[in-house]
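What follows is one structure encoded as structure tokens, with my remarks underneath.
Just so it is clear, the model here is predicted, and its values are computed rather than measured.
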Amino acid sequence: MKIVEEEYVVAGDETHLTVMKTSLFFSGDGFTAYDSTGKLVFRVDSYGPDAADAGEVVLMDASGRCILTVRRKRPSLHHRWEGFAGEGSEGKKALFSVRRSSMIGRSSGMTVEVYTDPAEEYQIEGSFACRSCTVFNAGKEAVAEIRRKVDVAANVVLAKDVFVLSVKRGFDSAFAMGLVLVLDQIHGAAADDGAEDAARVCVDLTTEGSKIDT
């Protein structure tokens with residue numbers, strides 16, 4: 001269903017986007033996303049250590065048209081972010097929000113509320129830091145997935161700055177990409193919290209994921 005734009009709702013089979021960080025120096029840097037043919041679909045240009053300070057990130061199409069703005073809501077104990085159609089958020093109603101499911105312990109789950117349809121709610125489970133998480137709809141069906149990119153020819157798992165965003169039929173890929181931006185911002189803000197534990201888990205996941213059946 002459309003949440004951001006109708007043209008990005010996957011009409012055919014499941015779509016696989018290769019997402020790449022375009023700078024490796026700071027959390028919340030730019031991204032590019034390509035389809036299976038290598039065609040640029042989405043891009044995010046926000047560089048430098050102060051880029052995320054404004055609390056706003058803009059998703060663009062290949063031509064540079066602004067599709068979606070995600071902005072951190074302040075104050076917010078749950079690290080709540082909201083998404084707005086087009087460029088900027090001033091004077092606009094939010095399309096959706098993303099927040100931590102719980103502030104108790106180290107829960108990594110996220111709850112996504114769609115304001116345009118109160119019946120639509122999604123849960124994000126897993127670890128974005130490890131590039132291993134899934135978006136579930138209210139019926140507990142997986143509608144999108146983030147996972148490590150595998151170079152099949154070399155039989156290796158690529159670095160975390162290159163990963164795959166898979167979007168199921170009928171789901172809005174621009175919305176899915178917006179969730180990636182929010183997860184990247186939240187992960188960047190909490191990168192120092194339990195970093196050693198997170199790194200150990202990611203190593204374990206990478207070791208398991210690198211075993212490719214041939």
Derivation of the salt bridge (charged side-chain N to carboxylate O under 4.0 Å, His left out) call for Arg71 and Glu56: CA-CA 4 Å; Arg71 184 195 68 181; Glu56 206 168 81; 5.0 Å; no

same_hphob_cluster(Val98, Val114) at 4.5 Å side-chain heavy-atom cutoff: yes

Contact summary for [X] and [Y], nearest pair of heavy atoms:
X: Gly178; Y: Leu68; value: CA-CD2, 3.7 Å
X: Lys92; Y: Gly86; value: NZ-C, 3.8 Å
X: Glu125; Y: Phe136; value: OE1-CE1, 3.7 Å
X: Val58; Y: Cys66; value: CG1-SG, 3.7 Å

Under 3.5 Å: donor-acceptor pair, side chain of Asn137, backbone of Glu120: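 It does not hold such a pair.
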
Ser89 (side chain) donor-acceptor with Phe84 (main chain) under 3.5 angstrom: no

Residue Met60 excluded, over 12 heavy atoms near CE under 6.0 Å: yes

Would you give the length of the straight line joining atom [atom1] of [X] to atom [atom2] of [Y], rounded to the nearest 0.5 angstrom?
X: Glu87; Y: Arg65; atom1: CD; atom2: CZ; answer: 12.0 Å
X: Ile146; Y: Leu17; atom1: CD1; atom2: CG; answer: 11.0 Å
X: Arg100; Y: Trp81; atom1: CZ; atom2: CH2; answer: 12.5 Å
X: Arg99; Y: Glu113; atom1: CZ; atom2: CD; answer: 5.0 Å
X: Phe163; Y: Arg148; atom1: CZ; atom2: CZ; answer: 10.5 Å
X: Glu7; Y: Ile67; atom1: CD; atom2: CD1; answer: 7.0 Å

Close aromatic pair by centroid cut-off 6.0 Å: Tyr122 and Phe96: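 Distance test on ring centres: not under 6.0 Å, no.
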
Min side-chain heavy-atom separation Val135-Leu179 under 4.5 Å: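 In contact.
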
Any Val162 side-chain heavy atom under 4.5 Å of Thr18 side chain: yes

Side chain to side chain contact (heavy atoms under 4.5 Å, CB included) assessment of Val70 paired with Gln185: CA-CA 10 Å; Val70 294; Gln185 293 293 318; 5.7 Å; no

Ring-face cation of Arg131 near Phe128 (centre distance under 6.0 Å, axis angle within 45°):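 Yes, Arg131 lies over the aromatic ring of Phe128.
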
